Number of protein chains: 2
Amino acid sequence: MKIEELIKQTKFVSPLQKAMLNLIYTYHWHVDQAAELFKPLGITMQQFNVLRILRGKYPEFVPVGDVKAVMLDKNPDLTRLCDRLQEKGWIERETNACNRRQVLLRIAKPGLELLEEMEPLLQQQAKKMDHLSDEEAELLSNLLDKLRG
Amino acid sequence: MKIEELIKQTKFVSPLQKAMLNLIYTYHWHVDQAAELFKPLGITMQQFNVLRILRGKYPEFVPVGDVKAVMLDKNPDLTRLCDRLQEKGWIERETNACNRRQVLLRIAKPGLELLEEMEPLLQQQAKKMDHLSDEEAELLSNLLDKLRG
DNA sequence: TAGAGATATTCGTTTAAACAAATGTTTTTT
DNA sequence: AAAAAACATTTGTTTAAACGAATATCTCTA
């Protein structure tokens with residue numbers, strides 16, 4: 001369904017404004033879908049995002065600041081997000097001996113297992129979203145890059 | 001800057017996953033920008049969104065449910081969002097005499113004036129985002145429509 | 001014309017987001 | 001070497017989001 005119909009608006013200030021409204025709408029559409037998948041597992045999208053980043057570096061430890069730098073949203077409260085991840089046993093946390101200001105993070109075994117479990121669910125969801133060809137998906141990504149300038 | 005560099009990730013499960021990560025990143029990028037503009041005015045994006053919808057119907061009154069239906073995010077707590085808009089004097093609220101379950105909303109004069117004030121600021125921000133041509137913006141919007149299926 | 005069911009919004013409570021200020025640590029300057 | 005500045009993260013507090021349950025009203029059916 002086209003964005004005009006979904007938000008019942010036919011006139012837009014510009015094609016760019018229309019695209020931006022569509023971007024916001026599509027983002028929320030995606031979040032709603034993902035939330036359904038994540039909720040029964042007791043994990044939020046942001047938490048999942050952090051675990052994904054840590055898995056990418058495993059078995060290295062990574063400073064909190066480095067994680068923040070590459071997060072999709074620059075969550076200012078990474079401390080308490082990590083508190084929650086640690087309570088669930090999904091990550092390990094320790095201060096860096098070489099630089100005691102830094103706190104180092106590493107994904108723990110149960111965290112890796114959780115991501116493992118989620119993989120088929122994620123792929124299943126991805127399959128439902130097969131409306132774009134690989135070429136179109138690439139094009140979309142490139143347009144988003146260009147949008148940000 | 002391309003998404004690969006921004007999130008320091010070179011391998012993606014699929015072009016679609018890359019596009020989705022880019023979508024999420026770009027959304028937050030936009031929200032961060034918009035927040036700077038909105039914050040000094042004491043209004044949030046969601047509140048702005050509601051005012052915009054009400055202006056589109058002015059001088060009609062609109063049921064709360066109708067507003068929710070066309071919102072970009074389906075905020076479940078429109079009641080308290082409207083409380084805040086009313087406290088600031090930006091909207092009027094009254095129960096529908098014909099159907100006393102419904103609450104009707106209308107943007108008030110100060111709300112219209114606020115939107116008026118914001119217009120040049122929004123256009124100014126839009127000008128900074130001139131990296132896409134009209135055709136490319138249309139294409140982006142169409143791809144997002146197609147993504148949702 | 002009760003009463004069951006559907007609809008539209010609100011309220012209560014728990015939890016997390018936002019923001020500013022503070023803490024502890026390292027580096028740089030004088 | 002002491003003081004100032006910069007850095008990395010944490011903490012405190014206010015505010016809003018999330019979610020389910022509740023209220024109030026209307027509609028339809030028996």
Side-chain angles (χ1 to χ4, degrees), chain A residues 24 27-28 31-50 53-54 61-88 90-106, chain B residues 24 27-28 31-50 53-54 61-88 90-106:
Chain A
I24 296 169
Y27 169 80
H28 288 296
V31 166
D32 288 347
Q33 285 202 325
E36 277 180 45
L37 198 156
F38 287 1
K39 203 180 149 191
L41 297 165
I43 187 173
T44 68
M45 277 187 69
Q46 290 194 357
Q47 291 173 353
F48 174 76
N49 189 215
V50 170
I53 291 166
L54 293 179
F61 280 86
V62 187
V64 172
D66 289 14
V67 172
K68 183 181 277 190
V70 300
M71 280 182 74
L72 299 175
D73 59 339
K74 307 305 177 217
N75 189 318
D77 207 354
L78 206 41
T79 300
R80 274 173 278 214
L81 194 153
C82 289
D83 288 349
R84 288 167 211 133
L85 289 175
Q86 195 176 21
E87 277 168 29
K88 301 236 183 190
W90 291 331
I91 65 167
E92 301 168 53
R93 205 155 37 157
E94 58 182 47
T95 62
N96 186 352
C98 307
N99 183 348
R100 299 176 48 72
R101 286 172 300 186
Q102 281 188 341
V103 170
L104 301 174
L105 306 175
R106 181 166 71 168
Chain B
I24 297 169
Y27 169 81
H28 287 296
V31 166
D32 289 348
Q33 284 203 325
E36 277 180 45
L37 198 155
F38 287 3
K39 202 181 150 191
L41 297 166
I43 186 173
T44 68
M45 277 188 68
Q46 290 194 357
Q47 291 173 352
F48 174 76
N49 189 215
V50 170
I53 291 167
L54 293 179
F61 280 88
V62 186
V64 172
D66 289 14
V67 172
K68 184 181 275 190
V70 299
M71 278 181 76
L72 298 175
D73 60 338
K74 307 305 176 216
N75 188 320
D77 208 352
L78 206 41
T79 299
R80 273 174 278 213
L81 194 153
C82 289
D83 288 350
R84 288 166 211 132
L85 290 175
Q86 195 176 23
E87 277 168 31
K88 302 236 183 188
W90 291 332
I91 64 167
E92 302 169 53
R93 204 152 42 153
E94 57 183 46
T95 61
N96 185 351
C98 306
N99 183 348
R100 298 177 46 74
R101 286 172 301 186
Q102 280 188 342
V103 170
L104 301 175
L105 305 175
R106 180 166 71 169

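If you're wondering where the values come from, they're calculated on a predicted model, not measured in any experiment.
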Check [X] against [Y] and note the closest heavy-atom contact, atom names and distance.
X	Y	value
B:Thr95	B:Arg100	OG1-NH1, 4.2 Å
A:Leu41	A:Trp90	O-CH2, 4.1 Å
A:Ala35	A:Pro40	O-CD, 4.5 Å
A:Gly42	A:Lys88	O-NZ, 3.1 Å
A:Lys74	A:Ala69	NZ-O, 3.2 Å

| message | Going by side chain to side chain contact (heavy atoms under 4.5 Å, CB included), name the residues that satisfy it together with B:Val64, two or more places apart in sequence or in a different chain. | response |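 Side chain to side chain contact (heavy atoms under 4.5 Å, CB included) check on B:Val64 returns B:Leu78, B:Val103, B:Leu105.
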
| query | B:Asp32: what forms a side chain to side chain contact (heavy atoms under 4.5 Å, CB included) with it, not counting sequence neighbours? | reply |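 Per chain and number, B:Asp32 pairs via side chain to side chain contact (heavy atoms under 4.5 Å, CB included) with no residue.
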
| request: Output yes when at least one side-chain N/O atom of A:Arg100 is less than 4.0 Å from OP1 or OP2 of C:dT25, else no. | output: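 A:Arg100 to C:dT25 OP1/OP2: side-chain N or O found under 4.0 Å.
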
Set out, line by line, the N/O atom pairs under 3.5 Å between protein and nucleotides 15-21 of chain D.
{"residue": "D:dA17", "atom": "OP2", "partner": "B:Arg84", "partner atom": "NH1", "Å": "3.4"}

Euclidean distance, atom [atom1] of residue [X] to atom [atom2] of [N] [Å, nearest integer]:
X	N	atom1	atom2	answer
B:Gln86	C:dT9	CD	C1'	14 Å
A:Leu78	C:dC19	CG	C1'	16 Å
A:Asp83	D:dT11	CG	C1'	10 Å
A:Met45	C:dA17	CE	P	12 Å
A:Gln102	D:dT10	CD	P	11 Å
B:Leu104	C:dT10	CG	P	11 Å
A:Glu94	D:dT9	CD	P	13 Å
B:Leu85	C:dT10	CG	P	13 Å

| task | Give me the bend of the helix from C:dT1-D:dA30 to C:dT30-D:dA1, using the axes of the five pairs at each end, rounded to 10°. | result |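 Roughly 10°, once rounded to the nearest ten degrees.
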
| request: Taking only the side-chain heavy atoms of B:Thr79 (C-beta and beyond), determine which of C:dT9, C:dT26, D:dT10 contains the nearest atom. | output: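 Output: C:dT9.
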
| field | Residue B:Arg101, side-chain atoms from C-beta onward, closest of C:dT10, D:dA24, D:dA6 | value |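 My answer, after comparing the listed nucleotides, is D:dA24.
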
Report all side-chain donor-acceptor pairs from residues 43-50 of chain B shorter than 3.5 Å, counting only partners two or more places apart or in another chain.
{"residue": "B:Thr44", "atom": "OG1", "partner": "B:Gln47", "partner atom": "N", "Å": "3.2"}
{"residue": "B:Gln46", "atom": "OE1", "partner": "B:Asn75", "partner atom": "ND2", "Å": "2.4"}
{"residue": "B:Gln46", "atom": "NE2", "partner": "B:Asp73", "partner atom": "OD2", "Å": "2.5"}
{"residue": "B:Gln47", "atom": "OE1", "partner": "B:Thr44", "partner atom": "N", "Å": "3.2"}
{"residue": "B:Asn49", "atom": "OD1", "partner": "B:Leu72", "partner atom": "N", "Å": "3.4"}

| task | Not counting sequence neighbours, which residues clear ring pair (Phe, Tyr, Trp, His ring centres under 6.0 Å) with A:Phe61? List them please. | result |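 Ring pair (Phe, Tyr, Trp, His ring centres under 6.0 Å) list for A:Phe61, sorted by chain: empty.
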
